[in-house]
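Just follow the structure's listing: the first ligand is 1, and inside any ligand the first atom is 1. Position 1 is the first residue of the sequence; numbering continues from there.
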Amino acid sequence: MSLNDARFRIAPSPTGYFHVGGARTALFNWALARQLGGTFVVRIEDTDADRNRPEWTEGIIEALAWIGIKASDPHFEGPYLQSDYTQQHVDAAQQLVDAGHAYYCDMTTADIEARHIANGKAEGSQGYGGWSRDRNLGPGSGRVIRFRVAEGVTIVHDEVRGEVEFDNALIEDFVLVRSNGAPVFVLANVVDDMHMRITHVLRAEEHLSNTPKQQMLWEALGASVPVWAHLPLLVNEQRKKISKRRDKVALEQYRAEGYLADAMVNYLMTLGWTPKGDEIQPWAQMEADFRLEDVHLSPAFFDLKKLAAFNGEYIRMLSPHAFLDASRPWLPDHFDESKFLAMAPHIQPRCVTLADAPGVVDFLFLAEPVIDRDAWTKTFAAEANVAILRETLAAYEALSDWQAESLKSAMEVVGAAHDLKLGKAQAPVRVAVSGRTVGPPLFEALEVLGRDETLRRLRNAEAALD
Ligand code: GLU
């Protein structure tokens, strides 16, 4: 396949987990890269030496693969490591110095403050006044390289926000390379995007404040500015930006809790964009329909309840076999798969996450049900319930077949004798067989559990009650 020239990217800084906001950014980029037949580049911004663990990069690639962004896809390129390109960043800074767009500066923070005070401003005054611009300093110890911000305004054409104007007077001559020789984020990010021939920069809104500086760098380096799109913030119920401290933001955690990748992907796509028609839709449809100009401006509510509802819906859509496969990590090592499959359509509507599955059906696989003592005591405190248990046992022993329908009819007869509807009448049997007061539809479960095992449990319960 030959790809066209549209090149997208994500540039995550490794943090040990993959932020759901990063996943949303990745999906928007991925949708466009595939839709346009372009490329999706992954660049790990790992220049912070303390954050440079190889397993964190692997974690990012794995998280991407989970949401369907596979390194084996022809549209995928990378991962590249930013730390491999430090020399290119430094060279670009030197190129800017040579062209007069940047200059060396030896002023420390204390020097800058002293200058402010000398100029009659209060102690603690901020901002560098470009004081070394014309001193023609060369490289040397303790010297940084600063960008010479021109007068006027910088207009950023943002696909989501329209034209955003920045007054250059409010942007100081910013540092490109620190005195220890380390290039700063704004420079490294632009130089890499240039070298990687990135045409579209879709990223989180919090980076918009860097964009005028970066646009100046693109222009000063003689390259054409990419298409910018800043995606709306993700906020929690309190309308605060979701963060590691306040919220569950690690994609991996949702995975571990039993969220389905497809549900997660679909939900993330709705954060800042509205699919046409039903919100629940397959990836292929979203990939085809997604447009940057339809991305919303306002912050997107990362709504855990809605995510749970999406997940429940996706779980219900699975075939019994797919549900079994997806649930495996939460199920015991050895269990009767045919029993699980037979019950699957009854389990699925009762699950919000895959982790709920065992709690619904484990009594079918366990040698003995785990008895909820409280439920047991409350249920059998009622004499009628003890009688119902005995009578049902007798009725079931006499049944000629072992079908859900017959089990139900027999129980209806027992219940009627006690003036009880089925819902109430089945409670003692459910507790005796499953140990709990809630669970999947009882008669289907008894059919799956089988005659011998059901009768055995009912007899055990009867004996325990004597
Ligand atoms: N490393 C930056 C981040 O993780 C990248 C910003 C960008 O996408 O340009 O936020």
Using the rule given for side-chain contact (heavy atoms from CB on, under 4.5 Å), can you reason through His157 versus Val164, listing the C-alpha separation, both sets of side-chain angles and the distance that settles it, and then say yes or no?
CA-CA 6 Å; His157 296 273; Val164 191; over 6 Å; no

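- The main-chain N or O of Ala102 is never found under 3.5 Å from a side-chain atom of Arg148 such that the two would form a donor-acceptor pair.
- Asp192 and Arg9 are not joined by a salt bridge, as no carboxylate oxygen comes within less than 4.0 angstrom of a charged side-chain nitrogen.
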With salt bridge (Lys or Arg N to Asp or Glu O under 4.0 Å) as the criterion, how do Glu172 and Lys213 come out once you've worked through the C-alpha distance, each side chain's angles and the decisive distance to 0.1 Å?
CA-CA 10 Å; Glu172 65 176 25; Lys213 296 180 193 172; over 6 Å; no

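- The pair Arg197-Asp5 fails the salt-bridge criterion, with no side-chain N (NZ, NE, NH1 or NH2) lying under 4.0 Å from an Asp/Glu carboxylate O.
- Near ligand 1, heavy-atom contacts under 4.0 Å come from Arg9, Ala11, Pro12, Ser13, Glu45, Phe185, Asn189, Arg203, His207.
- Among pairs with a residue in residues 314-332, those fulfilling salt bridge (charged side-chain N to carboxylate O under 4.0 Å, His left out) read Asp325-Arg328, Arg328-Glu337, at least two apart in sequence or across chains.
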